[in-house]
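Written below as structure tokens is the structure these notes are about.
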There are 2 protein chains.
Amino acid sequence: MNGRILNASRAPVRQSSVRAHNLALVLQTVANSANRPSRAAIAGSTGLTRATVSALVDDLIAGGLLTEHDPAPRTGAGRPAAGLALSSEGPAGLGLEINVDYQAACVVDLTGVVRHRFVARGDQRLLSPAAALAELDVLAVRARSAAEADGLTLAGAALAVPGLVAPGGLVRVAPNLGWQDVRVPELAGLPITVDNEANLAALGELRADGTEPSFVYVSGEIGIGAGIVLDGVLYRGGRGWSGEIGHVTVYPDGRPCRCGANGCLEQYAGQEAVAADPDLAAAALGIALSAVVNLLDLGVIVLGGGYAPEFARLSEGIEAELRRRVLTAGLAPVTVRPAALGADAAMLGAADAVIRDVQEDPAGWLARAQAV
Amino acid sequence: MNGRILNASRAPVRQSSVRAHNLALVLQTVANSANRPSRAAIAGSTGLTRATVSALVDDLIAGGLLTEHDPAPRTGAGRPAAGLALSSEGPAGLGLEINVDYQAACVVDLTGVVRHRFVARGDQRLLSPAAALAELDVLAVRARSAAEADGLTLAGAALAVPGLVAPGGLVRVAPNLGWQDVRVPELAGLPITVDNEANLAALGELRADGTEPSFVYVSGEIGIGAGIVLDGVLYRGGRGWSGEIGHVTVYPDGRPCRCGANGCLEQYAGQEAVAADPDLAAAALGIALSAVVNLLDLGVIVLGGGYAPEFARLSEGIEAELRRRVLTAGLAPVTVRPAALGADAAMLGAADAVIRDVQEDPAGWLARAQAV
DNA sequence: TGGGATTTGTTTATTGGTTGAATTATTTGG
DNA sequence: CCAAATAATTCAACCAATAAACAAATCCCA
């Protein structure tokens, strides 16, 4: 039970790592609580002692990650508990998005509340990548000032892009933007991570409806992308290029695709195809998603992006194919549902990725905050 | 760098967990070394101090997991190092397999050497599940006696089955055995885990060629299964039913499959189909594997089971489809290779799964060994 | 042949972090 | 107003890793 291995990582563990882990454990316990838990409640649910939890909470409060509140509930005898909650004045995340016809930025605080939101409409394909990024920098700087006016410190930024992203913020290809091998620089003077829009939207969905640890999020825009979340962790693939469901073959000898192959899902369930023939799109989606479920045994499929508003027209056709083609459909249910987040999903997921990093490694944040 | 989070697990961490982790770290470092590393070399490659490594190694030697050897190499000045190696007299794993026309058992020691091997040929479909398991128990007891005669202690057993396995050793369906909802009991008095044959074969492959952390192992027997290994960890799926590549749709309106759908891979690349038309099989495999790579971004595909001997006839056709249908084929290579292990892969993988458990949690083994 | 250089492995005091028990704090209920 | 109950803190003990000094065993060179 105890004394189990921590993980398979090839790193030595010392006492400071213990504290780092337990700090994250406490912080995440608070983050995942519906109400405001007391130190004693945290001790109970984590298995740590009250003494340890007290010490950890002190650090988290001092570092501006938690705040102490009045003992809202009033039950039975005993000293009333002090409720703990994520601080809404601690670090915040800057979420950015570039898409075909708009740019957007948002500031999300540690509690998940969207504090600011900026959108600039305009066809990005008319701009060079450098010009587009310069414009995005203006938006980012504006968001940063707004955050600082609220007393928030931005912990970092994440940018959602409709394309293939290599490590280090290098956009290899973003066909619908016309980008190729574009390196994204610092924006608003913040360290930035760049990721595929479907991946980040999946992370946003994970936060919005945290009950399901494993699911696939399918985003239907001009292209089709998927974010795969396994056990609460976004799966990025060996080289960061997972989730290219748009180019899964549906009809081997079917319509030619711009990628050079024939019968890619994108040709049957892209934006135009959905508008032209929703039934065909649903069948094609159902075939491709059956492959996903047969391979990965995921119980939940989330339809996002352009699919969300079309959900009513698509779900029946998709589910019919799943019933027919998923081997274990009779043994375990597969549910299809629309995304909880709307068009902002990728940007919100980006901001969320930043604060997720802080929540997963509060010790790192405290050390950085200390250093400044 | 240091002070990073250990993992996302929701468990408290105490000093004993630190020791458990570092014990595993040292043991795995020895396991993954080509030569026999010294304590100082382990300290160097893990980042632990020599003092700590010494203490950990003492525990591992006392527990029969490591042995100390003479300073084989002779290089330069300084006190000669004592070489450390996995003990070949410590815990061992019992690997079991039931397939259509045979049963098999093997004993593999901690170093990975196959110490004993037993096979009983015979059509399992003529036996009831209970009778087949009783026969397997005979084999298991024989293997256990042989192991004990060598001074080996079996740490556990794992059984490979061609079918869908639910947690708790419940075989939900094994179509080619004619099994349905069969619960596997203790065999030879050992705790047993039951798993799909492709999953275990993939684990065996991971051990046999440990250089690639992420790959898919495809096993072509009567049915077709896949074991998916992501970052060195077997991915089992939300409910344990991942890797059903045999029922990925290749031709949506194609041949009817026994599962009720049409155009499943199994109908085009099962044993009979490969014999009848290798080119068709290769094309179908290529289409299905393209979906796997598009979704998961895996760089290596291992062809095992019945595909391994047919590799020369299949690889060209598979690679052609991959080149055509994998979106990122131009950016990152996908290699296809035959399995390193032969027909025994699943059974060896099963035995390996047992000793893998010991290697990943030596502290647990030491505690159990202590208790006896 | 002998002494310094070099590397391995052990010993010892120190440090950091959790635990468990005792203590303090604050409320409810009789 | 006191006892029971619950929350939170304090403090000594313990465990595991670290750093630095030390012991052991070899090589190399004069």
Side-chain angles (χ1 to χ4, degrees), chain A residues 2-3 5-6 11-26 35-62 66 68-84 362-363 366-367, chain B residues 1-3 5-6 11-26 35-61 66 68-84 362-363 366-367:
Chain A
N2 283 332
I5 287 210
L6 301 175
V13 167
R14 34 185 65 82
Q15 286 96 324
S16 64
S17 331
V18 171
R19 190 152 193 90
H21 176 98
N22 286 338
L23 277 169
L25 181 62
V26 168
N35 46 15
R36 292 176 169 170
S38 66
R39 292 166 173 79
I42 296 170
S45 73
T46 58
L48 295 163
T49 63
R50 292 202 307 265
T52 304
V53 171
S54 273
L56 294 166
V57 164
D58 284 351
D59 279 12
L60 292 170
I61 290 178
L66 287 184
E68 207 167 16
H69 294 259
D70 274 350
R74 183 142 314 249
T75 49
R79 172 176 171 174
L84 296 167
L366 296 179
Chain B
M1 196 76 79
N2 283 331
I5 288 211
L6 303 174
V13 167
R14 33 184 66 79
Q15 286 94 328
S16 63
S17 330
V18 171
R19 191 155 192 88
H21 176 98
N22 286 338
L23 278 169
L25 181 62
V26 168
N35 46 13
R36 292 176 170 170
S38 66
R39 291 165 174 79
I42 295 171
S45 72
T46 59
L48 294 164
T49 62
R50 292 202 309 267
T52 304
V53 171
S54 273
L56 294 166
V57 164
D58 285 350
D59 278 11
L60 292 170
I61 289 177
L66 287 183
E68 206 167 16
H69 295 258
D70 274 350
R74 182 140 316 249
T75 48
R79 173 177 169 173
L84 296 167
L366 296 179

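Proteins get letters first, then strands, A, B, ... in listed order; numbering begins at 1 in each. Just so it is clear, the values below take in all heavy atoms, side chains as well, and ignore hydrogens, waters and symmetry mates.
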Whole-Å distance, A:L23 CG to C:dT18 C1', equals 13 Å
- Determine: side-chain N/O of A:T52 to OP1/OP2 of C:dT19, distance under 4.0 Å, yes or no. yes
It should be established whether B:N22 places a side-chain nitrogen or oxygen under 4.0 Å from OP1 or OP2 of nucleotide D:dA17. yes
Whole-Å distance, A:L366 CG to C:dG17 P, equals 12 Å
Distance col, row A:I42:CD1 vs A:L48:CG, nearest 0.5 angstrom, shows 9.5 Å
Please check the phosphate of C:dT10 (OP1 and OP2 only) for any side-chain N or O of B:S54 closer than 4.0 Å.
yes
Is any side-chain nitrogen or oxygen of B:R14 closer than 4.0 Å to OP1 or OP2 of C:dG17?
no
Walking DNA chain D from its 5' end, the first of A:D58 and A:Q15 to be reached, judged by nearest nucleotide, is A:D58
Original post:
Under the 3.5 angstrom rule, does the side chain of B:S17 hit a backbone N or O of B:R14 as a donor-acceptor pair?
Top reply: yes
Sequence neighbours excluded, the answer for side chain to side chain contact (heavy atoms under 4.5 Å, CB included) partners of A:R50 is A:A40, A:A43
Contacts satisfying salt bridge (Lys or Arg N to Asp or Glu O under 4.0 Å) that involve residues 37-47 of chain B (not counting sequence neighbours) are B:R39-B:E68
Give each protein N/O atom lying under 3.5 Å from an N/O atom of nucleotides 28-30 of chain D, with the pair distance.
none

Across all chains, not counting sequence neighbours, the side-chain hydrogen bond (donor to acceptor under 3.5 Å, both in side chains) partners of B:T49 are B:T52
d(B:L23 CG, B:L56 CG) to nearest 0.5 Å is 5.0 Å
Sorted by number, residues from residues 37-50 of chain B placing a heavy atom under 4.0 Å from DNA chain C are B:S38, B:R39, B:A40, B:R50
Applying salt bridge (charged side-chain N to carboxylate O under 4.0 Å, His left out) to A:D59 and not counting sequence neighbours gives A:R19
### Query
Within the side chain of A:N22, is there an N or O that forms a donor-acceptor pair under 3.5 Å with the backbone of B:P12?
no
Quick note, A:R19 side chain, CB onward, closest among C:dG17, D:dA17, D:dA25 is C:dG17
Taken to the nearest 0.5 Å, the spacing of B:L84 CG from B:N35 CG works out to 11.0 Å
Testing C:dG17, C:dT18, D:dA17 for proximity to the side chain of A:S16, the answer is C:dG17
Between CG of A:D70 and P of D:dA7 the distance, given in whole Å, is 16 Å
As a check of understanding: the bend across the helix from C:dG9-D:dC22 to C:dG30-D:dC1, end axes from five pairs, rounded to 10 degrees, works out to 0°
Checklist entry - Counting only distance, no hydrogens or angles, is the base of D:dT6 paired donor-acceptor with the side chain of A:R79 under 3.5 Å? => result no
